[in-house]
Amino acid sequence: MLDLKFVRQNPDVVRDGAIKKHIACDVDQVLKLDSEVRKLRAESESKKAEQNKATKAIPSLQGDEKMETIKAMKALGAEQKAIESQVKSLDEELQRLLLTLPNPPAAEVPDGKDDLENVEMRSEGTIPTFDFDQRDHLELGQMHDMFDFERAARIAGSRTYFLKNAGALLELSVLRMSMDHMVAKGFSPMIVPNLVRREAMEGTAYFPGGEDQAYCTERDDLFLIGTAEVPLTSYRAGEILDMSELPTKLCGWSNCYRREAGAAGRDTRGLYRIHQFQKIEQVILCPNDEEISKQFHQEILKNSEEVLQMLELPYRVVNVCGGDLGSGQVQKFDIETWMPSRESFSETHSASRFHDFQSRRLGLRYRDAEGKVRFCHTLNNTVIASPRVLIPLIENHQQEDGSIHIPQALRPYMGGVSLLEPKKK
RNA sequence: GGAGAGAUGGCAGAGUGGCCGAAUGCGCCCGCUUGCUAAGCGGGUGAGGGUUAAACCUCCCCGGGUUCGAAUCCCGGUCUCUCCGCCA
């Protein structure tokens with residue numbers, strides 16, 4: 001959520017930002033409601049002040065004077081309540097609209113409508129060339145008996161899967177390897193609630209707007225998270241942190257659930273786009289300072305690149321364009337990993353910075369060196385998401401006979417195995 | 001799931017209709033002081049809105065209500081604790 005004061009003082013910045021993000025919103029209506037609310041609130045407060053004053057005198061009054069004052073206050077109280085209820089309903093509308101205003105993107109965000117206009121910043125690693133007919137992850141999975149989509153579909157519907165045997169072990173291994181990597185970087189490992197309240201979804205800016213993407217447990221009004229970012233960023237919500245606690249670096253392991261509404265027919269084969277996966281997410285809470293949060297943005301980007309380097313996978317980093325940014329994001333770098341079967345770099349990681357957009361909604365604050373209470377800046381990035389990452393992992397590392405090379409860094413987690421041999425028929 | 005108790009400032013803990021944004025203690029900050037291993041003394045110390053600054057308004061878990069007036073009374077919700085049941 002934007003600071004209402006900021007909107008009031010910089011309506012053009014907000015309008016232009018929304019245009020760059022291709023998000024529709026009504027800044028003028030916000031300004032109009034704001035001025036109405038302020039005017040009415042002033043009226044209500046002055047009546048309230050008068051009432052407070054008179055009401056304090058009542059106990060010391062006697063007889064008629066006392067009765068008169070009580071009578072007058074009864075009337076004044078009714079007037080005040082009437083105005084107050086107007087303020088309340090207008091303010092509710094104002095807050096609702098305020099939630100829909102997107103955070104203006106940074107100047108260095110490229111213009112563009114969707115992911116096709118993201119700008120490549122650099123590319124790392126070597127795209128493999130196979131001197132044999134390459135197999136996709138489905139075929140490799142079959143040779144190794146790693147996945148089962150048919151039975152999953154019968155049991156759980158579309159976009160579901162079983163991981164089995166080496167597939168199951170590979171997922172656990174990449175997750176644990178990544179977690180260890182982050183712990184070595186000073187992040188606190190966390191296993192987080194996968195089911196959260198609406199406030200956490202709103203606080204992290206997935207709602208309003210993303211309701212269609214989330215599974216809702218209607219009986220309990222809880223939501224399955226699409227990422228550990230939601231509970232992690234909400235973790236200290238409503239608190240005032242001590243300066244010494246910043247930066248707070250958290251690293252959460254969770255299952256992630258996505259309805260993939262509106263994606264019908266897209267990426268229907270295999271492990272790319274599925275309803276449930278496991279992910280490790282890194283989150284940083286830092287002081288309210290553009291330069292500091294930009295620095296941490298680079299840091300969390302690097303952490304994830306190192307994971308891909310450990311997995312010996314070729315990838316590129318893109319600067320995400322305005323139209324592909326979420327409502328709260330100021331800037332986002334995606335990491336796309338080379339997937340031979342897709343003949344493309346495809347998204348495996350997404351690193352965002354938010355300024356105080358999330359922390360303002362969450363009430364996530366700290367006391368700065370001068371003792372002033374300020375909103376934190378928040379950032380997050382994928383560390384690893386599986387099974388999507390298994391696609392590049394097994395496809396890039398396949399050998400002619402269908403065996404799969406296990407990267408050095410992963411071997412300790414795979415019981416020392418350096419090559420996965422296909423199951424014999 | 002059933003029965004009961006509770007939720008107050010960083011923490012502990014008073015407060016059952018006005019003198020309460022809230023005693024007291026601890027913690028923390030500032031200053032003073034003292035030679036005896038650390039203490040003593042004085043002052044300060046929640047958040048949001050509003051104002052040039054003040055005044056002023058709001059907040060004692062959240063949301064309603066009663067009342068001239070609510071931390072305090074009533075209703076609904078959330079969370080915590082205890083006992084019983086169930087259970088990975």
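Quick caveat: nothing in here was measured; it's all calculated off a predicted structure. Just so it is clear: chains get the letters A, B, ... in the order the sequence lines come, proteins before strands, and each one is counted from 1.
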*What's the spacing between A/K332 NZ and A/C321 SG if we round to 0.5 Å?*
9.5 Å
*asked:* Whole angstroms only, please: what is the NZ-C1' distance between A/K372 and B/G46?
replied: 17 Å
*OP1, OP2 of B/C56 versus side-chain N and O of A/N52: anything below 4.0 Å?*
no
*Pairing partner (Watson-Crick or G-U wobble, both distances under 3.5 angstrom) of B/G1*: B/C84
*Using atom P of each nucleotide, how far apart are B/G9 and B/A47 to the nearest Å?*
13 Å
*Using whole Å, report how far NZ of A/K56 lies from P of B/A55.*
13 Å
*asked:* Need the pair for B/C41. Rule: Watson-Crick or G-U wobble, both distances under 3.5 Å, any strand; none if unpaired.
replied: B/G31
*Check the pair A/R361, A/E202 against salt bridge (charged side-chain N to carboxylate O under 4.0 Å, His left out), reporting the backbone distance first and the verdict last.*
CA-CA 7 Å; A/R361 294 184 177 207; A/E202 282 179 354; over 6 Å; no
*Quote, to the nearest angstrom, the P distance that separates B/U58 from B/G50.*
15 Å
_Between B/U58 (P) and A/K81 (NZ): distance, integer Å_ = 12 Å
_Nearest-Å distance for atom pair OH/C1', residues A/Y366 and B/A47_ = 17 Å
*Are side-chain N/O atoms of A/E336 and A/Y315 paired as donor and acceptor at under 3.5 Å?*
no
_For A/H297 and A/F333, I'd like to know if the aromatic rings sit close, meaning centre-to-centre distance below 6.0 Å._
yes
*asked:* Counting only Watson-Crick pairs (N1-N3 plus N6-O4 or O6-N4) and G-U wobbles (N1-O2, O6-N3), all under 3.5 Å, who is the partner of B/A7?
replied: B/U78
*Inter-nucleotide C1' distance (B/G65, B/C56), Å rounded*: 26 Å
_Residues within residues 67-74 of chain A bordering RNA chain B, heavy-atom distance below 4.0 Å_ = A/I70, A/M73, A/K74
_Looking at every heavy atom in both A/A205 and A/F357, which two are closest together, and how far apart are they?_
CB-CE2, 3.8 Å
*asked:* From CG of A/L364 over to P of B/G48, roughly how many Å is that when rounded to an integer?
replied: 14 Å
_Watson-Crick/G-U partner (both atom distances under 3.5 Å) of B/U24_ = B/A12
*Could you work out which one of B/A47, B/C68, B/C57 sits closest to the side chain of A/V373?*
B/A47
*Quick one: on RNA chain B, does A/E50 or A/A54 contact a more 5' nucleotide (nearest heavy atom)?*
A/E50
*Side chain of A/I240: nearest nucleotide among B/C57, B/U67, B/A47?*
B/A47
*Expressed in whole Å, how much space separates the C1' atoms belonging to B/A12 and B/G18?*
28 Å
*Can you check whether A/F223 and A/F207 have ring centres sitting under 6.0 Å from each other?*
yes
*Spacing of the C1' atoms in B/U67 and B/A71 (rounded, Å)*: 16 Å
Can you check nucleotides 77-80 of chain B for protein contacts, nitrogen or oxygen pairs under 3.5 Å, and list what you find?
unit_1 : atom_1 : unit_2 : atom_2 : d
B/U78  : O3'    : A/R197 : NH2    : 2.5
B/C79  : OP1    : A/R197 : NH2    : 2.9

_A/E171 vs A/S386, side chain to side chain donor-acceptor pair (under 3.5 Å): CA-CA, chis, key distance, verdict_ = CA-CA 6 Å; A/E171 170 148 310; A/S386 179; 2.6 Å; yes
*asked:* Can you confirm whether A/P11 sits close enough to A/D28 that some side-chain heavy atom of one is under 4.5 Å from a side-chain heavy atom of the other?
replied: no
_Under a plain distance cut-off of 3.5 Å, with no hydrogens placed, do A/Q358 and A/T204 share a side-chain donor-acceptor pair?_
no
_Rounding to an integer number of Å, can you tell me how far A/M243 CE sits from B/C28 P?_
21 Å
*Can you tell me the distance, in whole Å, between the CG atom of A/L61 and the P atom of B/G69?*
15 Å
_Donor-acceptor side-chain pairing of A/N194 and A/S254 below 3.5 angstrom_ = no
*With rounding to whole Å, what would you report as the distance between B/C59 and B/G63 at their C1' atoms?*
14 Å
*asked:* Evaluate A/V383 against A/N303 for side chain to side chain contact (heavy atoms under 4.5 Å, CB included), listing each step before the verdict.
replied: CA-CA 7 Å; A/V383 180; A/N303 290 341; over 6 Å; no
*For atom C1', what is the distance between B/U45 and B/C84, given to the nearest Å?*
46 Å
*Does A/Q51 make a side-chain N or O approach to OP1 or OP2 of B/C68 shorter than 4.0 Å?*
no
Check: protein-nucleotides 49-54 of chain B nitrogen or oxygen pairs below 3.5 Å:
none

_On the six-membered ring of A/F277, is A/R388 placed so that its NZ or CZ lies under 6.0 angstrom from the centre and within 45° of the ring axis?_
no
*Which whole-number value in Å describes the distance from A/R374 CZ to B/G48 C1'?*
17 Å
*asked:* Pick the closest RNA chain B nucleotide for A/K53 and for A/R367 by heavy atoms, then say which residue is nearer the 5' end.
replied: A/R367
*asked:* For the NE2 atom of A/H397 and the CG atom of A/L410, what is their distance to the nearest 0.5 Å?
replied: 8.5 Å
*Are A/H377 and A/L285 close enough that some pair of their side-chain heavy atoms sits under 4.5 Å apart?*
no
*Whole-angstrom distance between B/G6 and B/U16, as gauged at atom C1'*: 16 Å
_When both hydrogen-bonding distances must be under 3.5 Å and the geometry is Watson-Crick or G-U wobble, what is B/G50 paired with, if anything?_
none
*Is A/K88 touching bases, backbone alone, or none of the nucleic acid, heavy atoms closer than 4.0 Å?*
sugar-phosphate
*With heavy atoms under 4.0 Å as the rule, sort A/D242 into base, sugar-phosphate or nothing.*
nothing
